[in-house]
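Okay, structure first, notes after.
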Amino acid sequence: MLAGKRILLIIGGGIAAFKSLDLIRRLRERGATVTPVLTRAAEEFVTPLSTSALAAEKVYRDLFDLTDESEMGHIELSRAADLVVVAPATADLMAKMAHGHANDLASTVLMATDKRVLIAPAMNVRMWEHAATQRNLATLLGDGVLVAGPNKGDMACGEYGPGRMAEPLEIVTAIEAAMMDGPLKGRHVLVTSGPTHEPIDPVRYIANRSSGAQGTAIARALTALGAQVTFVTGPASIPAPAGVSVIRVQTARQMLEAVQGALPADAAVFAAAVADWRMAEDQPRKIKKDGSGKVPTLKFAENPDILATVSQMKKGRPALVVGFAAETDDVIAHATAKRARKGCDWIVANDVSPETGIMGGSENAVTVISAQGADEWPRMGKDQVAARLAAKIAGALA
Ligand code: CTP
């Protein structure tokens, strides 16, 4: 699977760097070419000579090495690979990546690359659990960076916990998975996400509390399986994922227009929390208090139902249309009725009653309603729900 593949391996400065020498051997055994880049700190742990000997390649070390720039510049170096692997990815390297620093060869290559990046973090357990590292990790995942490990166990510093670099063979497996053509390669999937904002007047609007977390996770999971994703998002509080075509909208009507413009698609997932109503009339001026104590009466009109519109298209309907339902009681009965009413293929129903803690939380417990009945999934992280849904979509389109 790795025969003929080119891996750019950035070795960071941590005690786990010695395992990266074994990683080079394992990759070469499988037919890959490994071009190593050492950070200054890495040279405290492994030597350029041993790295170069194992890789049977020149080792790159310095951004300003003129010989390297004339032979192969840092831009070319970053693009010539099929995959960029950072092992060990230290807390410092992760911070640089998350913040876009480019002050040495490794960080510059990471900024310049147009290839996927896989990191194998390794650091002391407290450094791994530090809020800053976890923030940086979330940023990197959001940027589409793949992560292998870290593992739990005894650490060189004498402590115990997560922070040990994944073993070389585990990293090889992650590299092989990253190189595979996903089952959704060549498929176009449309995802709606986030809330919509419906203006009351030029300064006020009606909104809801959707963060866009579940829709974003689904778009990312579909991308990871090779899909080309069009991501139509309302004003969400979390950033859109990397590697998707993003269309930003404010209102339900704009979302419908964007969705229709993005078709055809093989599948469409409607995860947006679309406002059911908008103001009946456009209000070009700010509504003013007139001092009399009279309060304005807002008149509403119903918004178009985007999910129902697409589900009921006579021509050009995506082969698979997936909707969501947020319910507080009789989840299965309500969601089953909603599926029939809207005409979609699946409804992903979740119980959002306050005692579940799902609304605004990081976990979700869903039941997928299809023509075959109700399939109840155990409670799991929103990323896991997304991965499982993406895999189910891939299965249905296969
Ligand atoms: N939806 C849509 N366009 C709308 C309203 C909803 O595309 N104008 C989609 C949502 O993205 C979601 C599903 O329809 O996939 C939710 O349906 P909805 O009828 O809004 O159900 P709930 O939000 O669950 O609320 P209710 O129980 O009030 O029907």
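Numbering of ligands and ligand atoms starts at 1, following listing order.
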So what's ligand 1 close to, N/O to N/O, under 3.5 Å?
{"from": "ligand 1", "atom 1": "3 (N)", "to": "Ile306", "atom 2": "N", "distance (Å)": "3.0"}
{"from": "ligand 1", "atom 1": "7 (O)", "to": "Ile306", "atom 2": "N", "distance (Å)": "3.4"}
{"from": "ligand 1", "atom 1": "7 (O)", "to": "Leu307", "atom 2": "N", "distance (Å)": "2.8"}
{"from": "ligand 1", "atom 1": "8 (N)", "to": "Pro304", "atom 2": "O", "distance (Å)": "2.8"}
{"from": "ligand 1", "atom 1": "11 (O)", "to": "Phe270", "atom 2": "O", "distance (Å)": "3.2"}
{"from": "ligand 1", "atom 1": "11 (O)", "to": "Ala272", "atom 2": "O", "distance (Å)": "2.6"}
{"from": "ligand 1", "atom 1": "14 (O)", "to": "Lys342", "atom 2": "NZ", "distance (Å)": "3.0"}
{"from": "ligand 1", "atom 1": "15 (O)", "to": "Phe270", "atom 2": "O", "distance (Å)": "2.6"}
{"from": "ligand 1", "atom 1": "15 (O)", "to": "Phe324", "atom 2": "N", "distance (Å)": "2.8"}
{"from": "ligand 1", "atom 1": "15 (O)", "to": "Phe324", "atom 2": "O", "distance (Å)": "3.4"}
{"from": "ligand 1", "atom 1": "17 (O)", "to": "Lys342", "atom 2": "NZ", "distance (Å)": "2.8"}
{"from": "ligand 1", "atom 1": "19 (O)", "to": "Lys342", "atom 2": "NZ", "distance (Å)": "2.8"}
{"from": "ligand 1", "atom 1": "21 (O)", "to": "Lys338", "atom 2": "NZ", "distance (Å)": "2.8"}
{"from": "ligand 1", "atom 1": "24 (O)", "to": "Ala326", "atom 2": "N", "distance (Å)": "3.0"}
{"from": "ligand 1", "atom 1": "24 (O)", "to": "Ala326", "atom 2": "O", "distance (Å)": "3.3"}
{"from": "ligand 1", "atom 1": "24 (O)", "to": "Lys338", "atom 2": "NZ", "distance (Å)": "2.5"}
{"from": "ligand 1", "atom 1": "27 (O)", "to": "Lys338", "atom 2": "NZ", "distance (Å)": "3.1"}
{"from": "ligand 1", "atom 1": "29 (O)", "to": "Lys338", "atom 2": "NZ", "distance (Å)": "3.3"}

Side-chain donor/acceptor pairs under 3.5 Å, residues 301-308, sequence neighbours excluded:
{"from": "Asn303", "atom 1": "OD1", "to": "Arg278", "atom 2": "NH1", "distance (Å)": "3.1"}
{"from": "Asn303", "atom 1": "ND2", "to": "Glu198", "atom 2": "OE2", "distance (Å)": "3.3"}
{"from": "Asn303", "atom 1": "ND2", "to": "Ala275", "atom 2": "O", "distance (Å)": "2.8"}
{"from": "Asp305", "atom 1": "OD1", "to": "Leu307", "atom 2": "N", "distance (Å)": "3.2"}
{"from": "Asp305", "atom 1": "OD1", "to": "Ala308", "atom 2": "N", "distance (Å)": "2.9"}
{"from": "Asp305", "atom 1": "OD2", "to": "Lys342", "atom 2": "NZ", "distance (Å)": "2.7"}

For residues 259-267, run the donor-acceptor check on the side chains, cut-off 3.5 Å, and write out each pair with its distance to 0.1 Å, sequence neighbours left out.
{"from": "Asp266", "atom 1": "OD1", "to": "Arg187", "atom 2": "NH1", "distance (Å)": "3.4"}
{"from": "Asp266", "atom 1": "OD2", "to": "His188", "atom 2": "N", "distance (Å)": "2.8"}

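- Side-chain atoms of Pro88 and Ser20, non-hydrogen and from C-beta on, do get closer than 4.5 Å to each other.
- Taking the six-membered ring for Trp and thresholds of 30 and 60 degrees, Trp277 and Phe300 have ring planes inclined between 30 and 60 degrees apart.
- Side-chain N/O atoms of Asp351 and Ser353 include a donor and acceptor closer than 3.5 Å.
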Distance-only criterion, 3.5 Å: show the donor-acceptor pairs between side-chain atoms of residues 234-255 and protein atoms not counting sequence neighbours.
{"from": "Thr251", "atom 1": "OG1", "to": "Gln254", "atom 2": "N", "distance (Å)": "3.1"}
{"from": "Gln254", "atom 1": "OE1", "to": "Gln250", "atom 2": "N", "distance (Å)": "2.7"}
{"from": "Gln254", "atom 1": "OE1", "to": "Thr251", "atom 2": "N", "distance (Å)": "3.2"}

